[in-house]
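Structure, as structure tokens:
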Amino acid sequence: MKASYASVKGSFGVGVQNQKRVLLGFGEVRNKGSSGLRKLCMTDRRTCCSGLSLSSVAMGAKLAGVRMGVNGVFGSSAKPRSVKAQATDEDVEDLVPSRPHGKSSGTVLPFVGVACLGAILFGYHLGVVNGALEYLSKDLGIAENTVLQGWVVSTLLAGATVGSFTGGALADKFGRTRTFQLDAIPLTVGAILCATAQSVQTMIVGRLLAGIGIGISSAIVPLYISEISPTEIRGALGSVNQLFICIGILAALVAGLPLAANPLWWRTMFGVAIIPSVLLALGMVISPESPRWLFQQGKVAEAEKAIKTLYGKERVAEVMNDLATAGQGSAEPEAGWFDLFSSRYWKVVSVGAALFLFQQLAGINAVVYYSTSVFRSAGIASDVAASALVGAANVFGTAVASSLMDRQGRKSLLITSFGGMAASMLLLSLSFTWKVLAPYSGTLAVLGTVLYVLSFSLGAGPVPALLLPEIFASRIRAKAVALSLGMHWISNFVIGLYFLSVVNKFGISSVYLGFSVVCLLAVLYIAGKVVETKGRSLEEIERALNPVI
């Protein structure tokens, strides 16, 4: 942090003339009368924030540095305070308030909205098979073959595993907007094949392509949103990604309502996904590229143009200065895959992988994929409508979670969430086994499922994706996140493939009881292994968890 912008020209390949021009725009970054660079700030916010309100800057303030991978400059209307932050066992860093942000004249929301089409497709493709599975199985002649039904569900997840590992590499090579356009190809072709399939083989190929598309989306949608969002609202907009995934799931469940009257409606359900896929590709033609990626490629003039579009010309110098600072963050080279398993990093990398493993093994996607079948077995008259209620609970809980993230803290939300999920799964299990509850089994099935989804959406759903960039060091962040997402999709794939078979062998009550046990184990693990990152700077977290050896 003690080097000037000029010292990073070798890192970014920026020409001397370009640097001089940019430096004139930046102004002097040293404090008057001080030989060191201005220390960056942390402020304290006490405001209550709504998940969808753009005035909700608490998350943006604390996650800004995380999302951009830089020492963000945080603004606050609340009274600032100095903080003594324990960085290592020996060092204590003084964090002092900095300048507030001015009002932006740029336009970010339309481009965030375009990116969120990828999030909607993510959720839609995950949930569309829920109501359609029974009808497409009859149409394709696999009604009695639970193994092939499992493949129809899980091939999407196999493709997503591949896509999640490749999305980051594509975004780094071709840029964020071009990767979105490339991503629209498998999303569109996959939807067409699923909608027109006359055999289970064609359906599986279509699901595989759609899976690759949503795997890439899972990597680049939050990346792009975080890199184009202004610091003061980055956290709020980052939460919108998870919210739109839930909206996509809800849309898929609602799309299944006409199935009872029209058994062939399942083809329309898959075909609907073509529309947002095409809109995503067209929208990215007019969307600005990530200024951070442009700067890393040495395209300074294009980065300035993108910043002007997103934030207004009055913010160009400020944001370019932040990008320059980010480039000086570490002298160490980017880590290789094997570095993730070294003694230096494995402790924190294992936490990221474990959180996603617990998230999936706790049963959330079994509920999303098969809630319609479960409600039907419990005697619910309108099983598809009950599943739509589950989707609505997911959207509502996620919106609430975004307002609690920076007030309650990540760790406490995770513990509360998994605790509530354990209790809900226990209730579901008992509703299927206790004879005294038999007259109420249908009501309890819906109640337990809705409470489970609410509990999930309050912590286990949104927190891991927000927590991982905070706990991973900058040099391992991309690969560590990819590894964690890989764990997410692999475990998701296994559950989707074998859930019905396991239910047929052991019974739904035993499976739900197993999910409850997993949730309790997650509570114990989180209590002992996960650190609280609320109110802590990215640099403090990195030095505390990843000390230089």
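Everything numeric here is computed off the predicted structure, so don't read it as measured data.
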Would you mind reporting whether [Y] and [X] have side-chain heavy atoms less than 4.5 Å apart?
X: Leu209; Y: Leu193; result: yes
X: Trp266; Y: Leu133; result: no
X: Phe244; Y: Leu117; result: no
X: Ser287; Y: Phe180; result: no
X: Ile216; Y: Ser164; result: no
X: Pro263; Y: Asp139; result: no
X: Trp151; Y: Met203; result: no
X: Arg267; Y: Tyr135; result: no

Next item on the list: Inspect the surroundings of CZ in Phe165 and state if more than 12 heavy atoms from other residues, nucleotides or ligands are less than 6.0 Å away.
Entry: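 Enclosed.
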Notebook entry, point to check: With a cut-off of 6.0 Å (strictly less than), are more than 12 heavy atoms of other residues, nucleotides or ligands near CZ of Phe356?
Noted result: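 Atom CZ in Phe356 is packed in, count exceeds 12.
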If you measure from [atom1] on [X] to [atom2] on [Y], what distance do you get to the nearest 0.5 Å?
X: Tyr452; Y: Leu447; atom1: OH; atom2: CG; answer: 15.0 Å
X: Tyr311; Y: Thr107; atom1: OH; atom2: OG1; answer: 12.0 Å
X: Leu357; Y: Ile490; atom1: CG; atom2: CD1; answer: 10.0 Å
X: Thr177; Y: Leu182; atom1: OG1; atom2: CG; answer: 9.5 Å
X: Leu444; Y: Leu427; atom1: CG; atom2: CG; answer: 5.5 Å
X: Ile286; Y: Thr309; atom1: CD1; atom2: OG1; answer: 11.0 Å

Checklist line | Parallel, tilted or perpendicular: ring planes of Phe358 versus Phe418, cut at 30 and 60 degrees | finding: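 Ring orientation of Phe358 relative to Phe418: perpendicular.
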Notebook entry, point to check: Only one of Val503, Val502, Asn504 clears side-chain contact (heavy atoms from CB on, under 4.5 Å) with Phe506; which?
Noted result: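 Exactly one option meets the side-chain contact (heavy atoms from CB on, under 4.5 Å) with Phe506, and it is Val502.
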How close do [X] and [Y] get, counting heavy atoms only, and between which atoms?
X: Ala115; Y: Ile225; value: CB-CG1, 4.1 Å
X: Leu294; Y: Glu302; value: CD1-O, 3.5 Å
X: Gly167; Y: Ile220; value: O-CG2, 3.7 Å
X: Val395; Y: Leu250; value: CG2-CD2, 4.0 Å
X: Pro288; Y: Tyr224; value: O-OH, 2.7 Å
X: Arg207; Y: Val128; value: NH1-CG1, 3.9 Å

Note to self: Once side chain to side chain donor-acceptor pair (under 3.5 Å) is applied, do any residues pair with Thr202, and if so which ones, sequence neighbours excluded?
What the structure shows: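 By the side chain to side chain donor-acceptor pair (under 3.5 Å) rule, Thr202 matches Ser199.
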Can you tell me if [X] uses its side chain to pair, donor with acceptor, with the backbone of [Y] under 3.5 Å?
X: Gln360; Y: Ser491; value: no
X: Arg176; Y: Ser290; value: no
X: Thr161; Y: Leu157; value: yes
X: Ser417; Y: Leu414; value: no
X: Lys411; Y: Val530; value: yes
X: Gln149; Y: Ile142; value: yes
X: Ser457; Y: Leu454; value: yes

Check: Which is it for Met421 and Phe515 under the side-chain contact (heavy atoms from CB on, under 4.5 Å) test, yes or no, and what are the steps along the way?
Finding: CA-CA 9 Å; Met421 290 159 65; Phe515 287 149; over 6 Å; no
Next item on the list: Report the C-alpha separation of Leu156 and Leu208 in whole Å, then their side-chain angles, then the decisive distance to 0.1 Å, and conclude whether the side-chain contact (heavy atoms from CB on, under 4.5 Å) test is met.
Entry: CA-CA 5 Å; Leu156 179 89; Leu208 179 66; over 6 Å; no
Margin query: Applying side-chain contact (heavy atoms from CB on, under 4.5 Å) to Leu513 and Met425, what does each step give before you reach the verdict?
Written below: CA-CA 6 Å; Leu513 185 60; Met425 278 297 178; over 6 Å; no
Note to self: If we count only N and O atoms by modelled type, under 3.5 Å, do the side chains of Ser429 and Ser509 hold a donor and an acceptor together?
What the structure shows: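 Yes, because at least one side-chain N or O of Ser429 sits under 3.5 Å from a partner of the opposite role on Ser509.
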Check: Can you list the steps and then say if Thr416 with Leu458 is a side-chain contact (heavy atoms from CB on, under 4.5 Å)?
Finding: CA-CA 8 Å; Thr416 302; Leu458 287 174; 5.9 Å; no
